[in-house]
Amino acid sequence: MVPTKTMSLETTYRILAVSTRPESVDVLASGIAGGDAETRQRCFRTLAIRPCHRSHELLIENWTKYRDEIVEATTTHRERFAATVVTELETELIHGKTADAEAGIERAKVLTQIVSALAIREAMPQLIDAAWKNTSHVVREYCVDTVLVLSNTWGKHARRQYAGQRTDPNVERSRLALTAHLLDCAKNFQKHRNEQLLDAFLVLSTWNDPALRSCLENESPCRTLILRRLRSSRLQAVMELLAGFIRRRTIPECVLGLMLQRCDAMYCETLLEVISPEPLPVTLANLKEFGLPDCLRGGVSLLRTLGTDRDSAIAHAYTMAMQHAPETIAVLLEILERHRVPTANSEHACDSVSICLSRCEVPKLDYWLQAVHSERIDAMLQPSADENPNTASGAVASDETTADTTDAAQGFSLSESFEDRAAEVCLRLIRWAQSSNARFAKPAKRLLGELNINNMLPLFPTLSTDVRLRIGRMLMQIDSSTLDVVRDGLRHAVMRRRLEAIEFAQTLGLVELMIEPFKMIVHTDHQRARLAAAEALGTATCDSSANLLKELTTSPLGSLRDAAKESLSRRGIAV
């Protein structure tokens, strides 16, 4: 139940709001001057509601002193007050009836502040004209700043489709009329030279606006100016407009180059925001067709300059635009590394990486051969007891995971060596291929597809001992068929393949696991293969291999006897 005193006070203000007596304004003015904050709020609200020029003038006069209170009081009761402000602007800005120039500038300042604070869009036509036609430079600055603020807010709202709400046709017609008005100002740029008016046109526009389309489709000095602002403007809304073309099915040719070539850091952030963690199909199609924008180049180095909230977007961008490049795999693996300690974005980032890994092309064998020539692979092949790249939840780290002491766990190095980067990619993929996390293990194995025993055996004789050892150790980890292929190779009908298998078994110390095939070779094979087998048996440690060598010391072939004795000697066994 409302107290009688409060009911009486509300009734008083309702009467003051509709009264036509001039004394009503005086009463409200005294309430502003001598009342508390609550009283002033009631007075300001009542003055805004009154259909009285003098009441609204009182609000204007008190604006500088009580700006925040007036905004709060009039936001939901602005129609009549806004109409008065628009009329006053037309009087002040267009006709310039204030006798005192300094007073006129101050009044223009107050009026533009009111327009900006209350978002009085109805005043924009007058402000746009005054922004380049008013005789006062200061007034022009006030006007263009206000136009830019209102255009920015309105345009952003329109580009977001009015926050999912149904568009008011009248509001949209007004916006389109203003974009046409601002385009006319752009065409008169040589008269005012005000680039902020160009920015206002851009920030108010959406991609389908007739004014923007006509400007970009027809070659003209105006188009040159607009493209220059799209290239250089630091306004977030302008960059959003430019970056947003990547989500359009049709991109003007003159804009496409700018969208791909602009490369400042602010634009990079804006573009990733537009791409989003869950890109639209048309965005992915454009990235695949037109390639990676310049601002996103840099791979792992660029990734480290960005927040983890951008990981999903950059993963999609790289795998669509550069799915053939090994650097894309490096970027995806680095994203996983960044989420070893889970963050709020980890689950989404890991989901994106699992999708993106499947898009990457399998690197050619030449790439992995570059990797094994890096010395970094020796240290990284050492197993780490505390390494655990899996988590039950799908993120890359768990409570059991501790920091690795290996270089690979510290992120990709800044080395410019192609071999070093390839080695790091290779070893990280091997670790993920061995993990129990199927959504990463399966694509990792696929990407390592060319690194297999069948491809490597023919190359073995041409490689150095160190490289052969690295390859063998990697193959033993990722290719479960390695031992079977070597065993089959020792029995192969072609001698060259048998020699390759002997060399592989010798390099990796697998001879004692292959005694039966070696026994067949040393007793029945071609002399060249028998000599190679005898030499390889010298690297074994089991008794079976020693007994086999002792048998060979009685061979009628002198070269085979000598090879067997040499192998036994290397093992410290007296003949």
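The first residue in the sequence is number 1, and the count goes up from there. Just so we're clear, the structure is a prediction, and the values are computed from it rather than from any experiment.
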J.: Please tell me whether Thr84 and Thr87 have a donor and an acceptor in their side chains that are separated by less than 3.5 angstrom.
T.: no
J.: For the pair Arg304 and Glu337, find out whether any cationic side-chain nitrogen is under 4.0 Å from an anionic carboxylate oxygen.
T.: no
J.: Run Leu150 and Leu204 through side chain to side chain contact (heavy atoms under 4.5 Å, CB included) and show every step you take.
T.: CA-CA 8 Å; Leu150 295 179; Leu204 184 60; over 6 Å; no
J.: Could you go step by step and tell me if Ser220 and Lys187 meet the side chain to side chain contact (heavy atoms under 4.5 Å, CB included) rule?
T.: CA-CA 9 Å; Ser220 65; Lys187 293 176 180 178; over 6 Å; no
J.: Quick one: CD on Gln196 to SG on Cys185, what's the gap to the nearest 0.5 Å?
T.: 13.0 Å
J.: Check whether Arg159 reaches the backbone of Gly244 with its side chain - one donor and one acceptor, N or O, closer than 3.5 Å.
T.: no
J.: Does a donor on one side chain and an acceptor on the other come within less than 3.5 Å for Thr270 and Gln236?
T.: yes
J.: I'd like to know if Arg107 pairs up with Glu57 as an ion pair, taking the criterion as any Lys NZ or Arg NE/NH1/NH2 lying under 4.0 Å from an Asp or Glu carboxylate oxygen.
T.: yes
J.: Check the orientation of Trp207 and Phe245. Use parallel for under 30°, tilted for 30 to 60°, and perpendicular for over 60°.
T.: perpendicular
J.: Going by an N to O cut-off under 4.0 Å, is there a salt bridge joining Arg223 and Glu217?
T.: no
J.: Which atoms form the tightest heavy-atom contact between Gly291 and Leu260, and what is the distance?
T.: O-CD2, 4.1 Å
J.: Grab the two heavy atoms, one from Arg421 and one from Ala330, that are nearest each other, plus how far apart they are.
T.: CD-CB, 4.1 Å
J.: Please check this pair: side chain of Gln323 against backbone of Thr319, looking for a donor-acceptor N/O pair closer than 3.5 Å.
T.: yes
J.: Taking the side chain as every heavy atom from C-beta outward, state whether Arg446 and Val362 have any atom pair closer than 4.5 Å.
T.: yes
J.: Charged N to carboxylate O under 4.0 angstrom, Lys364 versus Glu450?
T.: no
J.: Report yes if the side chains of Leu271 and Tyr267 come closer than 4.5 Å at any heavy-atom pair, otherwise no.
T.: yes
J.: How about Val171 and His157: do any of their side-chain heavy atoms sit closer than 4.5 Å?
T.: no
J.: Do the side chains of Asn208 and Arg248 get nearer than 4.5 Å, heavy atoms only?
T.: yes
J.: Do we see a donor-acceptor contact under 3.5 Å between the side chains of His181 and Asp129?
T.: yes
J.: Could you give me the CA-CA distance, side-chain angles and deciding distance for Glu327 and Arg297, then say whether salt bridge (charged side-chain N to carboxylate O under 4.0 Å, His left out) is met?
T.: CA-CA 10 Å; Glu327 181 65 13; Arg297 296 188 181 276; over 6 Å; no
J.: Is any side-chain heavy atom of Arg262 closer than 4.5 Å to one of Met239?
T.: yes
J.: Between Arg121 and Trp154, is NZ or CZ placed under 6.0 angstrom from the six-membered ring centre and within 45° of the ring axis?
T.: yes
J.: With the threshold set at 4.0 Å, does a side-chain nitrogen-carboxylate oxygen contact exist between Glu419 and Arg376?
T.: no
J.: Please step through side chain to side chain contact (heavy atoms under 4.5 Å, CB included) for the pair Val425 and Trp368, ending with a clear verdict.
T.: CA-CA 9 Å; Val425 169; Trp368 301 127; 4.3 Å; yes
J.: Answer yes or no: is there a side-chain heavy-atom contact under 4.5 Å between Val115 and Met124?
T.: no
J.: So, taking the atom named CG in Leu303 and the one named OH in Tyr318, what distance separates them when rounded to the nearest 0.5 Å?
T.: 8.5 Å
J.: Assess the side chains of Asp209 and Thr206: does a donor N or O sit below 3.5 Å from an acceptor N or O?
T.: yes
J.: Answer yes or no: are there more than 12 heavy-atom neighbours, outside Arg249 itself, under 6.0 Å from its atom CZ?
T.: no
J.: Side chain to side chain contact (heavy atoms under 4.5 Å, CB included) between Asp311 and His348: does it pass, once the steps are laid out?
T.: CA-CA 9 Å; Asp311 286 350; His348 207 150; over 6 Å; no
J.: Considering only heavy atoms from C-beta outward, does the side chain of Asn152 approach that of Leu235 to under 4.5 Å?
T.: no
J.: Quiz question: by atom type and distance under 3.5 Å, do the side chains of Trp63 and Gln113 form a donor-acceptor pair?
T.: yes
J.: Would you say His53 and Glu88 make side-chain contact, with heavy atoms under 4.5 Å?
T.: yes
J.: Quick one: do the Arg193 and Gln190 side chains pair a donor with an acceptor below 3.5 Å?
T.: yes
